[in-house]
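Here the structure is a predicted model, which means the values were calculated and not measured.
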Amino acid sequence: MSRAPIELEVDAALRRRFTAPLLKWYDGSGRNLPWRMTDDPYRIWVSEIMLQQTQVATVLPYYHRFLEAFPTIKALASADLETVLKLWQGLGYYARARHLHRAAQTLLSRYAGKMPKSFDAVYALPGIGRSTAGAILTIAHGKRYPILDGNVRRVLCRFFAIEEDPREKSVEAALWHCSEQLMPRRNPSRYLQAIMDLGATVCTPRQPDCPHCPLQKPCAARKQGLTDRLPVKAVSKKVLHFDYFAGVLRVDDFVLIRRRPLQGLLAGLWEFPGARVDSHEKKGAVMAAYEKFFRETLALNVRGSHLFMEIPHAFTHFKMTLHVFSFRLKKRFQTGGPMMWVERESLAAHPFSSAHQKIVLQLCQSPDRPRLFV
DNA sequence: GACTCGTGGAT
DNA sequence: TATCCAAGAGT
């Protein structure tokens, strides 16, 4: 049962009806954001990467710290990945940091440390897709390339009352075309900021503030009473829950940590060694699984460990409960590969995932008085 | 196309 | 409390 392909024809008159009130609204209601106070393509690039799937309020402190540490593309390219990840710690989606770092090195070696001005060259950089390339080209270089981020998608789906699934390929293509057609020839940069601000502050996913929307009159969803149902939501998948364990193995003031592989979840971050509890294990068998893990992987007997913390944590695709055990060994053993002993005071110098960072904080604040997080 | 990849805030 | 989801990209 295929529906007729949606057609979103945008002529000059419609473009004016859309952009004129939007830009006027932006004059009085646009946000003052730090990456709008600069024309440095590097800073605009960093902001665009940080803002992927991440809200402005979350990004702000990271943005300032990051640019203080790496004021230029050259500074970023010259840094260690470890340092870059440390500054990204807690922001999530760590591939963004790796790609940013790698792209900076590419820019330094191939483009004299400058962001190129051709779409294809920018688009080819790691971590930069069509939307981010469009934003960089338009905002930093004054060109005119569309974006289709969550804000634009939501505004367009409502404005045109698109009841089809915007994730469907044909609908997505129509939205890209529409986004491109709506861009004004004059000052497309300001337009881009305006439509993103509208989506972020007025045409929000929940409880949109239609009475203050500059597009409320021509908005098709508004007319048809569809605003709170558009864009149509994806079917939510069932979230699985797993139990994990981790061991805080200590010798005097040293702690054993392990670096995660450079691919996959939390790539390149440090953690306290452990593993997932097999799904077929009984609920009460977590400590047994923990003891078995250290016996089999490191030939260590950690019987007598005590529960140090329990940390609930939600990732995008699953939830976990991290059971953290603590144990004191007599002496350090040789480590190789991804493992190393580190002094407690030095733990915070390394990037940890959010869940494991809670262990770090607990060890640094009151190492001998563990407390349970439930 | 379907999956993967984080986290904190809002409701 | 559970769910949603925020300036997406890579595989």
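- A:Val232 and A:Val152 fall into different hydrophobic clusters, defined by Ile, Leu, Val, Met, Phe, Trp and Tyr side-chain heavy atoms under 4.5 Å apart, directly or through other members.
- Using a 4.0 Å heavy-atom distance criterion, A:Val56 is classed as a base contact.
- Using modelled atom types, one finds no donor on one side chain facing an acceptor on the other under 3.5 Å when comparing A:His313 with A:Ser354.
- Salt bridge status for A:Asp27 with A:Arg190: present, with a side-chain N to carboxylate O gap under 4.0 Å.
- Side-chain atoms of A:Thr54 come within donor-acceptor range of the base of B:dG6, with a qualifying N/O pair under 3.5 Å.
- Put simply, A:Arg154 has a side-chain N or O that comes within less than 4.0 Å of OP1 or OP2 on C:dA6.
- Listed by residue number, there are no residues of residues 20-50 of chain A with a heavy-atom contact under 4.0 Å to DNA chain B.
- Taken residue by residue, residues 141-150 of chain A places no heavy atom nearer than 4.0 Å to DNA chain B.
- Grouping the Ile, Leu, Val, Met, Phe, Trp and Tyr side chains by contacts below 4.5 angstrom, directly or via other members, places A:Met37 apart from A:Phe70.
- Between A:Arg167 and A:Glu172 there is no salt bridge, since none of the side-chain N atoms of the basic residue sits less than 4.0 Å from a carboxylate O of the acidic one.
- Side-chain atoms of A:Lys169 lie closest to B:dG1 of the nucleotides B:dG1, C:dG8, C:dC5.
- Under 4.0 angstrom from either OP1 or OP2 of B:dG6 there lies no side-chain N or O belonging to A:Ser353.
- A:Trp88 places its CH2 atom 12 Å from the C1' atom of B:dG6, with the value rounded to the nearest Å.
- A cation-pi arrangement is not found for A:Arg258 relative to A:Trp270, the charged atom failing to lie both closer than 6.0 Å to the ring centre and inside a 45° cone about the ring normal.
- By the 4.0 Å N-to-carboxylate-O rule, A:Asp228 lies too far from A:Arg158 to be salt-bridged with it.
- Taking the P atom of each, B:dG8 and C:dA9 are spaced 23 Å apart, rounded to whole Å.
- Remark: P of B:dT7 and CZ of A:Phe315 are 6 Å apart, rounded to the nearest angstrom.
- One interatomic measurement links the two molecules: CD of A:Glu172 to C1' of C:dG8, which rounds to 11 Å at whole-angstrom precision.
- Between A:Tyr62 atom OH and B:dG9 atom P the separation is 10 Å, expressed in whole Å.
- Other residues, nucleotides and ligands contribute more than 12 heavy atoms inside 6.0 Å of the CD atom of A:Glu345.
- The separation between A:His99 atom NE2 and C:dA9 atom C1' is 8 Å, rounded to whole Å.
- For the pair A:Phe272 and A:Leu363, the minimum side-chain heavy-atom distance is below 4.5 Å.
- Atom NE2 in A:His356 sits roughly 13 Å away from atom C1' in B:dG6 (whole-Å rounding).
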List every contact pair, protein side and nucleotides 2-5 of chain B side both N or O, where the distance is under 3.5 Å.
unit_1 : atom_1 : unit_2   : atom_2 : d
B:dC5  : OP1    : A:Leu265 : N      : 3.3

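- If you check every strand for non-hydrogen atoms under 4.0 Å, A:Arg167 touches nothing.
- Using modelled atom types, one finds a donor on one side chain and an acceptor on the other under 3.5 Å when comparing A:Gln193 with A:Arg36.
- Straight-line distance from the CG atom of A:Leu51 to the P atom of C:dG8: 8 Å, rounded to whole Å.
- Candidate nucleotides C:dG10, C:dT3, C:dG8 were compared by shortest atom distance to the side chain of A:Lys319, and C:dT3 ranks first.
- Remark: P of B:dA10 and CD of A:Gln55 are 8 Å apart, rounded to the nearest angstrom.
- Relative to the ring axis of A:Tyr93, A:Arg96 does not place its NZ or CZ within 45° and under 6.0 Å from the centre.
- The 5' end of DNA chain C is approached more closely, in terms of each residue's nearest nucleotide, by A:Arg206 than by the other of A:Leu125 and A:Arg206.
- To the nearest 0.5 Å, atoms CG (A:Leu322) and CD1 (A:Ile359) are separated by 5.0 Å.
- In the set C:dA6, B:dG9, B:dT7, the nucleotide with an atom closest to the side chain of A:Ser354 is B:dT7.
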For this session: Show the numbers, then the answer: is there a side chain to side chain donor-acceptor pair (under 3.5 Å) between A:Gln52 and A:Thr132?
Result: CA-CA 9 Å; A:Gln52 288 171 1; A:Thr132 302; 3.0 Å; yes

